[in-house]
Amino acid sequence: VNGNNVTLSDAKITIQPGGNVGIGTVSPDNILHIFEEGNVASVDITQYPLKLEAKDNGGDFWNRMGVGIQFENTASSGSYISSEIIGQTTTSNGLGGNILFKTRRADTLTDAMIIMDSGNVGIGTTTPDTKLNVYDATADTSINVNTGTGGSYPKKTGISFGATTTSLGGDAKFTGG
């Protein structure tokens, strides 16, 4: 015990009177503050001060299951999970993995974006078959690239592919096969 802080110096854990917990630091700035100090002598070295791990004793983790982070908001009207990030195991041997992002829409958690183990990215779909697949079942889907800080858009840069029209902004050129 160090003053008002409870510190386990050998374990590098600090619990402050206000409830902040520090791992690897004696002065946590937030509810949970994790700090790892090391000698990073090469750009090839990555430090991972946080690891989330779950064990499935039943052997069923590989079917879109995994470990994740939930973001929950609490108000007087109740608690609601607003979003999730899930690391999915995609194969029974654990050699493949996706990252799935979920957001709350119309009071339901919905798959919003996925990064597949193949490198394909899906927005609005969890089964992208190209490097970038943008899908919306109820409306035209477009990718907009805009520049500038004000006024009307797009300014010289932009691309928008709709269900019935294709438009290019500015000096852009469209070529296809």
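Scope of the values below: all heavy atoms of this structure, side chains included, with no hydrogens, waters or symmetry mates.
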Does the pair Tyr80 and Asp107 meet the rule for a side chain to side chain contact (heavy atoms under 4.5 Å, CB included), with working shown? CA-CA 9 Å; Tyr80 303 95; Asp107 203 32; 4.2 Å; yes
Before giving the answer on side-chain hydrogen bond (donor to acceptor under 3.5 Å, both in side chains), spell out for Asp29 and Ser27 the whole-Å C-alpha distance, their side-chain angles and the decisive distance to 0.1 Å. CA-CA 6 Å; Asp29 294 332; Ser27 55; 5.4 Å; no
Hey, mind stepping through Ile123 and Leu132 against side chain to side chain contact (heavy atoms under 4.5 Å, CB included) and telling me if it holds? CA-CA 8 Å; Ile123 300 173; Leu132 177 62; 4.3 Å; yes
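Using modelled atom types, no side-chain atom of Asn98 and backbone atom of Leu100 make a donor-acceptor pair closer than 3.5 Å. For Ser83 (side chain) and Phe71 (main-chain N/O), no donor-acceptor pair under 3.5 Å exists by modelled atom type. The closest donor-acceptor contact from the side chain of Asn120 to the backbone of Pro128 lies under 3.5 Å. Distance alone, capped at 3.5 Å, places no donor-acceptor pair between the Arg104 side chain and the Thr110 backbone.
A 4.5 Å side-chain heavy-atom check between Ile81 and Leu109 finds at least one atom pair inside the cut-off. Residues Ile69 and Glu84 are not in side-chain contact: their nearest non-hydrogen atoms beyond the backbone lie 4.5 Å or more apart. Inter-residue side-chain proximity for Met113 and Val121 is flagged as met; some heavy-atom pair is nearer than 4.5 Å.
Partners of Thr103 by side-chain contact (heavy atoms from CB on, under 4.5 Å), not counting sequence neighbours, listed by chain and number: Ala112. Looking at residues two or more places apart in sequence or on another chain, you find no salt bridge (Lys or Arg N to Asp or Glu O under 4.0 Å) involving Asp129.
In this structure, OG1 on Thr127 lies 8.5 Å from CD1 on Ile114, to the nearest 0.5 angstrom. With values rounded to the nearest 0.5 angstrom, Ile115 atom CD1 is found 5.0 Å from Ile99 atom CD1. Rounding to the nearest 0.5 Å gives a distance of 10.5 Å between NE2 of His33 and CD of Gln16.
Side-chain atoms of Thr126 and Asp111 form no donor-acceptor pair, as typed in the model, at a separation below 3.5 Å. Checking Asn73 against Ser82 by side-chain atom types alone, a donor-acceptor pair falls below 3.5 Å.
When all heavy atoms are compared, the tightest approach of Pro28 to Thr14 is CD-CG2, 4.3 Å.
There is a path of hydrophobic side-chain contacts, each under 4.5 Å, that joins Ile15 to Ile23.
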